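All values derive from a computational prediction rather than experimental measurement.
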Amino acid sequence: MSKVSKANNVHNGAEGAVSPSPELIFTATGLSRETAARIIEEALAGCDDGELFLELARSESLRWDDGRLKSASFDERAGFGLRAVAEERTGYAHSSEVSEAALKRAADTVRAVRTGYEGTLAEPPRGTNRALYPADDPTGQIPFEQKVRLLEEVDAYARSLDERVRQVTVALSSSWQAVAIVRPNGDVRTDFRPLVRFDISVITERGERRGTGFHGYGGREHPAEYLERERWQAAAREALRQSLVSLEAIPAPAGEMDVVLGPGWPGILLHEAVGHGLEGDFNRKGTSAFAGLIGQRVAAEGVTVIDDGSIPGRRGSLTIDDEGTPTGPTVLIENGILKGYMQDRMNARLMGMAPTGNGRRESYAHAPLPRMTNTFMQAGLHDPEEIIRSVKKGLYAVSFGGGQVDITSGNFVFTCTEAYLIEDGKVTAPVRDATLIGNGKDALTRVRMVGNDLKLDDGIGTCGKAGQGVPVGVGQPTMRLNGLTVGGTGG
């Protein structure tokens, strides 16, 4: 998952906005709505479920490095994916050629899954009249020359902040995805999804020591929202702060100790170590450490975990998922008790549960899977300073980089990119090379204090699963866990 930091408070969306007409996608791809409905009705007859996923997408990115524009790209794609589902079997065919002939070839392929089987086609998802973000395409809204000047200005500003700055890298990207989900009864659901991202990294030097810092932000809004001077200057200062902190860092101690996780981006540990284990497919197959535990205690009291794809403007939000199901808040763990899983349509049907709006795919070339959207822990009752004061000796982890998780066992290893010692209830020296080692299910039972400062990350996270990457959000309040294993290089 990509690195993120900082946060905004969680808030709920409002109903009322109407999604754009699906005819835009049909016109752009050259496939008629009537033709599509007729072909897929024949292909999915006797199946339990299935759909045609039409996609039109554009993306652009610029990267500034070493004092000059290093790369610039623009991409446009269109295609379709046709899926047929019979019991647990899935037939999937996709093509970048959107035509009646290509769709017929795909239909001939996917209908093979129903051989010897006769099912009843599921009802389509319920509709929604809301829109969680603007429908406009953000790519090309700002002239190319203006974006290049902006990146140059960001570079100059970051270098002016401190004489120890040696390298600055700035990136700006935007994308737009228009999808239409068509079912045999002629039901069509559409979504027009903007996405913008800005990030900056800073390298500083002092003697032979090198420090690195990174900050980024993004979401589903117009590009101008993310390019305001005050916003990118704050990002540059934050990247520099992290870089200078890493210059001063001492080797991290190793051993079992109490750990305090900061608010916002440290929710990545929750996402990876716990969130994936709460996705429907792993639990249906019995390969998750949480399989069969609904109604049982899996975390300490005060721990409530929610996945919510309906928060306006957030990177992980979707008006509808990639099967057409409206997103919404799904309570996964409530006060320590496992309440449910994140579901797509197929796994929900096979488990006798309801879809939760978590069926997601990277593009038309991928079949949907149950995936997270914005996953976070709810706020608790404790003041963050009170949590720090409660620790005699421990580690305060503010940000994370890479990590590894085994879904079946729940075992994880995560690398801290910014962490500090806690000594006698005070945050003291920054440390480097600290890793957190543990088990996701066990870690939740070690939570002793949950802060009142819930934050979501700033919006540049990407989650990988089964070779597919999708934008997501994470978050949590400050949280104390007792007795985690910390790996380090210090004494």
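Between Arg231 and Glu225 there is no salt bridge, since no side-chain N of the basic residue sits under 4.0 Å from a carboxylate O of the acidic one. In summary, Arg361 and Glu55 do not engage in a salt bridge, as defined by a charged side-chain N under 4.0 Å from a carboxylate O. One finds no salt bridge joining Lys104 and Asp108 here, because no Lys/Arg side-chain nitrogen approaches an Asp/Glu carboxylate oxygen to under 4.0 Å. Using a 4.0 Å cut-off between a side-chain N of Lys or Arg and a carboxylate O of Asp or Glu, Asp321 and Arg189 do not qualify as a salt bridge.
Using a 4.5 Å cut-off on side-chain heavy atoms (C-beta onward), Asp136 and Phe192 make no contact. Side-chain contact between Met377 and Val303 is present, with heavy atoms from C-beta onward closer than 4.5 Å. No side-chain heavy atom of Leu172 sits under 4.5 Å from any side-chain heavy atom of Arg197. A heavy-atom distance below 4.5 Å is found between the side chains of Ser310 and Leu132. Proximity of Leu121 to Asp48: side-chain heavy atoms (C-beta onward) are nowhere separated by under 4.5 Å.
His276 and Phe282 have perpendicular rings, their planes meeting at more than 60° on a 0 to 90° scale where under 30° would count as parallel.
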May I have the list of side-chain donor-acceptor pairs in residues 34-44 shorter than 3.5 Å, sequence neighbours left out?
residue, atom, partner, partner atom, Å
Thr35, OG1, Ser32, OG, 2.7
Arg38, NH2, Glu100, OE2, 3.3

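Using modelled atom types and a 3.5 Å distance limit, the side chains of Ser399 and Thr417 yield a donor-acceptor pair. Counting only N and O atoms by type, the side chains of Asn374 and Ser317 include a donor and acceptor under 3.5 Å apart.
For the pair Arg193 and Tyr133, the cation-pi test (distance below 6.0 Å, angle within 45°) is failed. Cation-pi check for Arg284 over Tyr341 is not met; the charged atom does not lie both under 6.0 angstrom from the ring centroid and within 45 degrees of its normal.
Aromatic ring centroids of Tyr217 and Phe198 lie under 6.0 Å apart.
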The test is side-chain hydrogen bond (donor to acceptor under 3.5 Å, both in side chains); show your working for Thr325 and Glu323 and say whether it passes.
CA-CA 6 Å; Thr325 304; Glu323 298 178 305; 4.9 Å; no
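Dense packing is recorded around CD of Gln146, with more than 12 heavy atoms of other residues, nucleotides or ligands lying under 6.0 Å away. Around NZ of Lys285, the count of heavy atoms belonging to other residues, nucleotides or ligands within 6.0 Å does not exceed 12. Applying the 6.0 Å contact sphere to CG of Leu381 captures no more than 12 heavy atoms from other residues, nucleotides or ligands.
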